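Since the structure comes first, as structure tokens, the remarks are kept for the end.
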Amino acid sequence: MNHDSDIPPGWSYNPASWSQRLPIIALAVVGFVIAAYLALYQIRVFPTVWEPFFGQGSIIVLNSEVSRLLPVSDGALGAFGYLADAIAGAVGGKRRWKTMPWMVILFGLFIGPLGGISVLLVILQPVLYDSWCTLCMVTALISVVMIGPAMDEVLASLQHVVRERRAGRSLWRAFWGLSEQSHGGQMLAARR
Amino acid sequence: MWPHLLCTAIGAWLMAAPDLLDYRDPARTNDHIVGPLLFTFACTAAFQSTRGLRFVDLMLGIWLLIAPLVFGYWGEPLINSLACGLGVVVLSLIRGPITVQLGGGWPALWRTEPAERA
């Protein structure tokens with residue numbers, strides 16, 4: 001067993017290390033920039049939108065009824081989602097899988113549904129409008145690629161919370177990382 | 001990892017195939033729906049901690065094999081659906097190497113060890 005306390009018990013690496021998280025944060029930032037561009041087109045800050053492959057596709061998709069179902073456009077919602085991903089990915093140190101499980105789980109909740117909505121929108125483009133939007137698909141690709149690498153950290157946090165509960169300690173305190181703050185390293189060392 | 005990346009490529013192909021092979025509904029809509037779903041689950045299953053999602057790919061592969069029967073389409077979309085379905089079924093059954101340890105993985109969340117049950 002690895003005695004480095006940064007690494008979750010039974011793991012061969014730390015899923016909350018910066019080398020694991022930085023690529024996801026970088027992807028989220030790129031997604032944010034593209035989605036913000038699309039949102040700015042949707043409110044006509046930009047008069048046209050870049051579309052290299054599908055002719056009028058982006059214009060049809062970005063002005064469709066689906067894109068205006070909510071009070072904010074789907075582009076704006078996406079931009080907010082990627083920003084939330086980037087922030088939730090960046091907050092906390094490399095031990096956050098046990099010091100901030102709530103943040104890691106929130107991160108997973110941002111990544112998962114955002115990916116789901118992106119895929120739904122990609123399905124609706126051809127099915128409802130028989131059109132494709134290149135940049136929309138690029139952002140969807142980013143959402144999808146982020147899911148796999150983000151979920152290992154969520155798993156480590158869930159395992160930590162479950163382990164604390166099975167040891168008879170408060171699930172609530174473990175979820176908010178309070179047990180780690182109060183017990184500190186000594187308690188952990190004693191447990192080993 | 002590579003079997004799942006190949007499944008991802010099949011998902012992308014299914015998104016493009018209705019236009020490239022120029023076939024109509026119902027195969028068109030079916031592939032436009034299955035393609036992105038397959039792409040998403042296969043891409044996620046390529047990562048070791050979420051490798052279990054390959055079984056969703058397996059379901060989608062089986063669906064591609066039976067969809068032509070359910071909706072009754074023939075010719076190119078039938079051959080395409082069967083070829084893609086067969087490929088996805090075979091590829092999703094290959095787990096691929098797991099080179100990292102994940103503390104027991106997702107089953108550790110609901111599996112109770114005998115010592116802990118006491």
Side-chain angles (χ1 to χ4, degrees), chain A residues 1-2 7-15 20 23-24 53-54 57 97-98 108 111-112 115-132 136-137 140-163 165-168, chain B residues 1 4-5 7-8 11-12 14-20 22-54 56 60 98-118:
Chain A
M1 189 181 184
N2 200 314
I7 298 179
W11 285 59
S12 55
Y13 68 103
N14 177 8
Q20 293 281 321
I24 306 174
F53 303 116
F54 303 112
W97 57 268
K98 62 178 173 182
I111 297 261
I117 292 169
S118 296
V119 175
L120 179 68
L121 289 174
V122 166
I123 290 172
L124 292 180
Q125 288 177 37
V127 172
L128 293 185
Y129 304 109
D130 208 14
S131 305
W132 297 99
C136 309
M137 289 208 285
L141 177 68
I142 289 172
S143 303
V144 167
V145 169
M146 286 195 298
I147 301 173
M151 286 305 140
D152 57 353
E153 199 187 359
V154 176
L155 173 62
S157 276
L158 289 174
Q159 283 178 353
H160 170 71
V161 171
V162 167
R163 199 161 41 238
R165 182 161 172 267
R166 285 180 183 157
Chain B
M1 189 182 195
H4 310 293
L5 291 180
C7 276
T8 308
L14 283 171
M15 290 165 70
D19 282 323
L20 295 179
D22 196 24
Y23 55 83
R24 303 280 111 200
D25 277 336
R28 187 178 180 85
T29 296
N30 183 64
D31 292 355
H32 275 153
I33 293 173
V34 176
L37 289 177
L38 180 62
F39 187 99
T40 301
F41 284 105
C43 178
T44 309
F47 293 92
Q48 297 194 29
S49 67
T50 39
R51 184 61 51 85
L53 287 174
R54 68 195 174 96
V56 178
L60 291 169
I98 299 287
T99 56
V100 294
Q101 290 169 21
L102 301 164
W106 299 93
L109 299 179
W110 53 83
R111 193 186 54 217
T112 314
E113 299 298 333
E116 288 174 330
R117 207 180 290 146

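Throughout, protein chains are lettered first and strands after them, A, B, ... in sequence-line order, and every chain is numbered starting at 1. Side-chain atoms are counted along with the backbone in the values below, which use heavy atoms only and exclude waters and symmetry mates. Remember, predicted model here, so these are calculated numbers, not experimental data.
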Here the salt bridge (charged side-chain N to carboxylate O under 4.0 Å, His left out) pairs for residues 31-47 of chain B, sequence neighbours left out, are none

Scored by heavy-atom pairs under 4.5 Å with chain B, the best of A:A140, A:P126, A:S143 is A:P126

Assert top hit (heavy-atom pairs under 4.5 Å, partner chain A, pool B:T29, B:L37, B:T40) equals B:T40

Applying a strict 4.5 Å limit to non-hydrogen atoms, the region of A:V162 in contact with chain B is side chain

Counting heavy-atom pairs under 4.5 angstrom with chain B, the leader among A:L120, A:L124, A:L155 is A:L155

Honestly, the part of B:R51 sitting under 4.5 Å from a heavy atom of chain A is neither

**Side-chain donor or acceptor of A:Q159 paired with backbone N/O of B:G103 under 3.5 Å** = yes

Problem set entry | Side-chain donor/acceptor of B:R54 to backbone N/O of B:A45, under 3.5 Å | no

Under 4.5 Å to a heavy atom of chain B? For A:M146 that would be neither

Bottom line for B:D25: the part with an atom under 4.5 Å from chain A's heavy atoms is neither

>> Quick one, B:T44 and B:F39 - any side-chain contact, counting heavy atoms below 4.5 Å?
In response: no

message = Does the plane of the ring in A:H160 sit parallel, tilted or perpendicular to the ring in A:W97? Use 30° and 60° as the thresholds.
response = perpendicular

If one checks every heavy atom of A:L141 against chain B at 4.5 Å, the contacting part turns out to be side chain

For B:Q101, is there any backbone N or O sitting under 3.5 Å from a side-chain donor or acceptor partner on A:W11? no

